[in-house]
Number of protein chains: 2
Amino acid sequence: MTVMRSPTRVPSPRRREILDAAATLFAARGFHGTSIEEIGGAVGISGPALYRHFSGKVSLLSEMLLDISERLRGSAVERVTRAETAAEALDALIGGQIDFALDHPALITVHDRELGNVPEPARRQIRRLQRLYVEEWVTVLSELYPDVPPPGLRAATHAVFGLLNSTPHSAGELPREAMAALLHRMARAALFGLVNQY
Amino acid sequence: MTVMRSPTRVPSPRRREILDAAATLFAARGFHGTSIEEIGGAVGISGPALYRHFSGKVSLLSEMLLDISERLRGSAVERVTRAETAAEALDALIGGQIDFALDHPALITVHDRELGNVPEPARRQIRRLQRLYVEEWVTVLSELYPDVPPPGLRAATHAVFGLLNSTPHSAGELPREAMAALLHRMARAALFGLVNQY
DNA sequence: CGAACCGGTTAATGATGACTAACATCCAGG
DNA sequence: CCTGGATGTTAGTCATCATTAACCGGTTCG
């Protein structure tokens, strides 16, 4: 048995290509609705050739979700660190999530649909990264809205994710920049609504 | 061949029971990840007995999504009709969506994950109902925000759906009433953000 | 009574699909 | 050269699963 290369090292272009194609297919037809044959076909090789790159269908999914979670979390940490005020940090977080959602709609879709198909070793790690990402938001928000208790901030964070991740549903309604601006304003306003009523 | 009872008439308790169980399973494991055997097992009968009630797995899903879309659309029309002002109508729409999402998280989850598995005759009808539901919102919103062009209002509507439908993700963070209130405030504020910035 | 339907049961059947085996090609380095 | 690894290929294999068949016990109502 050839030991599979550790998830994030040396992103052989072929692996990336496969992951990208698989993400699109998973987003469209779902994990169980997509066959190994289809994924291979999407990158010009056929079926079992995938096993030269991944140890199986679920490990492909695990790696995909792990990668997404790492990117979201990593970029969040980076942006928050760079920011000088909490308000600035929040805008950076919102902007980062919007960019990711607009650039990779398939990844966003797979990210919150398919965690249930990842088996336990990897599952926990993905959840951990997701939790860390949420806490990044909660930390910033608790500075801006100190009167809202953490559970409320967590629920609000998920609500904002739902709002921002809606882009795959309204694809094509607006040009990208307009969509980004609209989502940014709505997200900021939604959070502002935590403490002010109209 | 016994002709299947027309979708929405005489909701035989057994059918409802099966649809409910299936919704929970579909939400948890996905359509393709759920077997006929599991659905039967969840209501105490086993496997092929389902064919006494539905003509097949996909028709079960079709009926489920059709029912959800009809209920959402129907309740929206009703609420908007009853309202006296546009602002009141909007609050009624928001409240209706929140109640539905909190009362039937599985249905909400299935509703926007599994349309892709419904084959073409029913698919179009479901999409039609969804579109009508969205337009119900857009009509109300265009009265409140006449300066925002329809595509923007549609995108905003989808964004608000994403926000409100986030409850399955933040399950248990807050007691139901607190969650409902928080989502309502955030949704109203998010829409207000369409025209005012902070 | 008894025929017919209703709602179940268990045992095929037939596809589909993940994964493995056995075999080919290409290319790098010794 | 020629050997070995990396990457493909095609042809199994073995499960799983939706769907159908064949059969059965009630209940209704004519």
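All values below come from the heavy atoms of this structure, side chains included, with hydrogens, waters and symmetry mates left out.
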Is A/D91 salt-bridged to A/R79, going by a charged N under 4.0 Å from an acidic O?
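Judged by the 4.0 Å cut-off on N to carboxylate O distance, A/D91 and A/R79 do not form a salt bridge.
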How long is the line joining [atom1] of [X] and [atom2] of [N], in whole Å?
X: B/F54; N: D/dT20; atom1: CZ; atom2: P; answer: 16 Å
X: A/L25; N: C/dG17; atom1: CG; atom2: P; answer: 13 Å
X: A/N117; N: C/dA18; atom1: CG; atom2: P; answer: 12 Å
X: B/F31; N: D/dT16; atom1: CZ; atom2: P; answer: 20 Å
X: B/I36; N: D/dA18; atom1: CD1; atom2: P; answer: 6 Å
X: B/L50; N: D/dC17; atom1: CG; atom2: P; answer: 14 Å
X: B/K57; N: D/dT20; atom1: NZ; atom2: P; answer: 14 Å
X: A/I39; N: C/dA18; atom1: CD1; atom2: P; answer: 7 Å

Of A/V110, A/L107, A/L65, the residue whose pairing with A/F26 passes side-chain contact (heavy atoms from CB on, under 4.5 Å)
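Answer to the side-chain contact (heavy atoms from CB on, under 4.5 Å) test with A/F26 among A/V110, A/L107, A/L65: A/V110.
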Residue of the set A/K57, A/H32, A/R123 for which side-chain hydrogen bond (donor to acceptor under 3.5 Å, both in side chains) holds with A/N117:
A/H32
Which atom of B/A23 lies closest to which atom of B/A106, heavy atoms considered
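Closest approach of B/A23 to B/A106: O-CB, 3.8 Å.
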Please determine, for the side chain of A/Y51, which listed nucleotide (C/dG17, C/dT20, D/dT19) has the closest atom?
C/dT20
State, with a plain yes or no, whether a side-chain heavy atom of A/L153 is found less than 4.5 Å away from one of A/L194.
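In contact.
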Is any side-chain heavy atom of A/D112 closer than 4.5 Å to a side-chain heavy atom of A/Q130?
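With C-beta onward as the side chain, the pair stays apart.
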I'd like a list of close polar pairs between nucleotides 8-10 of chain D and the protein, N/O only, cut-off under 3.5 Å.
| unit_1 | atom_1 | unit_2 | atom_2 | d |
| --- | --- | --- | --- | --- |
| D/dG8 | OP1 | A/R14 | NE | 3.3 |
| D/dG8 | OP1 | A/R14 | NH2 | 3.3 |
| D/dG8 | OP2 | A/H53 | NE2 | 2.6 |
| D/dG8 | N7 | A/R52 | NE | 3.1 |
| D/dG8 | O6 | A/R52 | NH2 | 2.3 |
| D/dT9 | OP2 | A/S46 | N | 3.0 |
| D/dT9 | OP2 | A/S46 | O | 3.4 |

